[in-house]
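Letters A, B, ... mirror the listed sequences (proteins, then strands); counts begin at 1.
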There are 2 protein chains.
Amino acid sequence: MTKIDDRFYTVPELAENLGVTPRTIRFYEQKGLVAPQRAGTTRIYTRQDRARMLIILRGKRLGFTLKEIADYLDLYGADPTQAEQIKMLLTRVRERIDALEDQRQALDVTLDELREIEQQSIDALKEKGLDPVA
Amino acid sequence: MTKIDDRFYTVPELAENLGVTPRTIRFYEQKGLVAPQRAGTTRIYTRQDRARMLIILRGKRLGFTLKEIADYLDLYGADPTQAEQIKMLLTRVRERIDALEDQRQALDVTLDELREIEQQSIDALKEKGLDPVA
DNA sequence: AATCAAAGTGACGTTAACGTAAACTAATTG
DNA sequence: CAATTAGTTTACGTTAACGTCACTTTGATT
């Protein structure tokens with residue numbers, strides 16, 4: 001018998017557990033990313049809710065907007081085979097990979113230009129008899 | 001005798017010439033980055049003003065904020081030897097290089113994670129007998 | 001029942017770099 | 001001289017993802 005984790009979390013507890021602020025969790029709810037049940041007015045988060053939050057946070061880490069994450073999650077559960085969901089994920093992930101590779105390219109170009117300016121600055125200071133380190 | 005470029009620009013002309021909108025130029029003035037003379041109410045930009053704009057635009061391309069660019073430009077002209085200006089520039093440029101190198105690192109990590117997800121998605125679709133390309 | 005901490009609910013603030021729209025004024029053109 | 005064209009001014013709008021307050025509500029405890 002494996003013990004199932006049937007623990008419930010309140011907002012502050014879940015926030016603590018996930019390393020985010022309570023405001024963030026409530027904000028996500030307002031954006032339709034999570035929909036916890038209530039006990040009176042208090043939000044109750046199950047392990048499934050927590051799993052959803054983890055997906056959201058991973059999405060954020062990977063640079064997706066909350067809107068994109070919401071679109072993805074909308075298929076979650078509404079798609080028995082989950083094929084559509086995975087296809088959509090694959091599409092978005094590939095878009096993001098392309099975007100990041102472009103960014104990487106641009107970043108390298110910028111770095112080169114900055115290094116050139118750095119060198120020019122060093123040279124200029126040397127000509128004035130100044131130490132570029134100081 | 002070299003012909004000097006003593007042409008003057010109005011806001012829309014300079015904007016056109018630099019590939020920015022008039023609003024941008026006026027915005028920079030409001031932020032204290034440029035201070036063109038006036039002919040009545042109309043702004044008059046000299047070649048020096050244009051040079052300043054080019055510096056600003058380069059700074060932007062390199063990822064500096066308008067505030068940082070403004071600080072840099074404040075030394076421009078107020079520093080006869082220009083040594084301080086160059087030192088400051090060097091400091092900022094190095095900071096920016098460090099930041100971008102960090103960014104590059106993070107970006108690579110993210111890319112790896114995305115590629116992993118891509119692969120997992122492909123595998124999942126294949127197991128369902130679906131073509132990951134479609 | 002009074003109290004008290006915890007949770008919730010607006011609602012406005014923040015940041016950066018402009019965009020947009022409306023209303024003005026000044027100068028030129030027919 | 002009226003109309004058009006240019007340029008200016010002012011102020012609010014935009015975007016994303018929350019932060020920060022101030023205030024109210026609840027459920028629980030004494």
Side-chain angles (χ1 to χ4, degrees), chain A residues 7-46 49-50 52-73 92 96 99 103 110, chain B residues 7-46 49-50 52-73 92 95-96 99-100 103 110:
Chain A
R7 192 149 47 113
F8 295 132
Y9 299 84
T10 66
V11 162
E13 283 169 3
L14 185 61
E16 165 71 24
N17 182 276
L18 296 176
V20 300
T21 69
R23 178 71 179 95
T24 297
I25 295 180
R26 296 195 187 102
F27 179 74
Y28 289 171
E29 178 175 355
Q30 200 179 317
K31 287 288 169 181
L33 293 167
V34 283
Q37 291 191 272
R38 302 275 183 133
T41 65
T42 300
R43 282 165 250 249
I44 302 298
Y45 295 87
T46 65
D49 292 323
R50 191 179 110 91
R52 253 181 107 88
M53 279 296 301
L54 287 176
I55 292 176
I56 295 168
L57 296 179
R58 186 172 75 156
K60 281 213 54 192
R61 254 192 307 117
L62 297 176
F64 293 100
T65 66
L66 293 184
K67 178 70 171 68
E68 290 172 319
I69 297 170
D71 289 345
Y72 171 73
L73 286 174
R92 299 296 170 220
R96 184 100 187 101
Q103 250 188 261
T110 299
Chain B
R7 194 147 48 113
F8 295 132
Y9 300 84
T10 66
V11 162
E13 283 169 2
L14 185 61
E16 165 71 24
N17 182 276
L18 297 175
V20 300
T21 69
R23 179 69 180 96
T24 298
I25 296 180
R26 296 194 186 102
F27 180 73
Y28 289 171
E29 177 176 355
Q30 199 179 318
K31 288 288 169 181
L33 293 167
V34 283
Q37 291 191 272
R38 303 275 183 133
T41 64
T42 300
R43 281 166 250 248
I44 301 298
Y45 294 87
T46 66
D49 292 323
R50 183 172 178 283
R52 251 181 109 89
M53 278 297 300
L54 287 176
I55 292 176
I56 295 168
L57 295 178
R58 185 172 77 155
K60 280 215 55 193
R61 255 193 309 118
L62 297 176
F64 292 101
T65 66
L66 293 184
K67 179 69 171 69
E68 290 171 321
I69 296 170
D71 290 345
Y72 171 71
L73 286 174
R92 299 298 170 218
E95 284 173 1
R96 184 100 189 101
L100 287 188
Q103 250 188 261
T110 298

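- Between D:dT9, D:dC18, C:dA17, one nucleotide has an atom nearer to the side chain of B:Thr65 than all others, and that is C:dA17.
- At the heavy-atom level, B:Arg43 lies under 4.0 Å from the strands shown only through sugar-phosphate atoms.
- Between B:Ile56 and B:Tyr28, the closest side-chain pair of non-hydrogen atoms falls below 4.5 Å.
- B:Glu16 has its CD atom 15 Å from the C1' atom of D:dA6, to the nearest Å.
- In the interface, the side chain of B:Arg26 is not paired with the base of D:dT9 through any donor and acceptor atom under 3.5 Å apart.
- Closest approach to the A:Phe27 side chain among C:dC18, D:dT8, D:dC18 is made by D:dC18 (side chain taken as heavy atoms from C-beta onward).
- Residue-level contact check: B:Lys60 touches the backbone only, with heavy atoms under 4.0 Å from sugar-phosphate atoms and none from bases.
- In this structure, B:Pro22 reaches neither bases nor backbone, as no heavy-atom distance under 4.0 Å exists between it and the strands shown.
- Looking at heavy atoms from C-beta onward, A:Thr46 lies out of side-chain contact with A:Tyr9 at the 4.5 angstrom threshold.
- Atoms CD1 (B:Ile69) and P (C:dC18) sit 9 Å apart, rounded to a whole Å.
- Side-chain contact between B:Leu33 and B:Phe27 is absent, with no heavy-atom pair separated by less than 4.5 Å.
- Rounded to whole Å, the distance from OH on B:Tyr9 to C1' on D:dA6 is 19 Å.
- One can place CZ of A:Phe8 at 16 Å from P of C:dA7, the figure rounded to the nearest angstrom.
- Applying the 4.0 Å criterion to OP1 and OP2 of D:dG27, one finds that A:Arg38 has every side-chain N and O outside that range.
- One atom, CZ of A:Phe64, and another, C1' of D:dA16, lie 17 Å apart when rounded to the nearest Å.
- B:Leu18 places a side-chain heavy atom less than 4.5 Å from the side chain of B:Arg50.
- Positionally, the nearest nucleotide of DNA chain D for A:Thr21 lies more toward the 5' end than for the other of A:Thr21 and A:Ala39.
- Residue A:Val11 has its side chain nearest to C:dG8 when only D:dT8, C:dT20, C:dG8 are considered.
- Distances from the side chain of B:Thr10 to the nucleotides D:dG7, D:dC18, C:dC18 place D:dG7 closest.
- Put simply, CD1 on B:Ile44 is 12 Å from P on C:dA27, counting in whole angstrom units.
- Distance CD (A:Glu13) to P (C:dA6): 12 Å, rounded to an integer number of Å.
- Regarding contacts with the backbone of D:dA17, every side-chain N or O of A:Tyr28 stays at 4.0 angstrom or more from both OP1 and OP2.
- Summary of the strand contacts: B:Leu66 and B:Thr41 both lie near DNA chain C, and taking for each the nucleotide with the nearest heavy atom, the more 5' one is attributed to B:Leu66.
- Regarding contacts with the backbone of D:dA6, every side-chain N or O of B:Thr42 stays at 4.0 angstrom or more from both OP1 and OP2.
- At whole-Å resolution of the value, CD1 in A:Ile25 and P in D:dG19 are 11 Å apart.
- By the 4.0 Å N-to-carboxylate-O rule, A:Arg26 lies too far from A:Glu29 to be salt-bridged with it.
- Around atom CZ of A:Arg58, no more than 12 heavy atoms belonging to other residues, nucleotides or ligands sit under 6.0 Å away.
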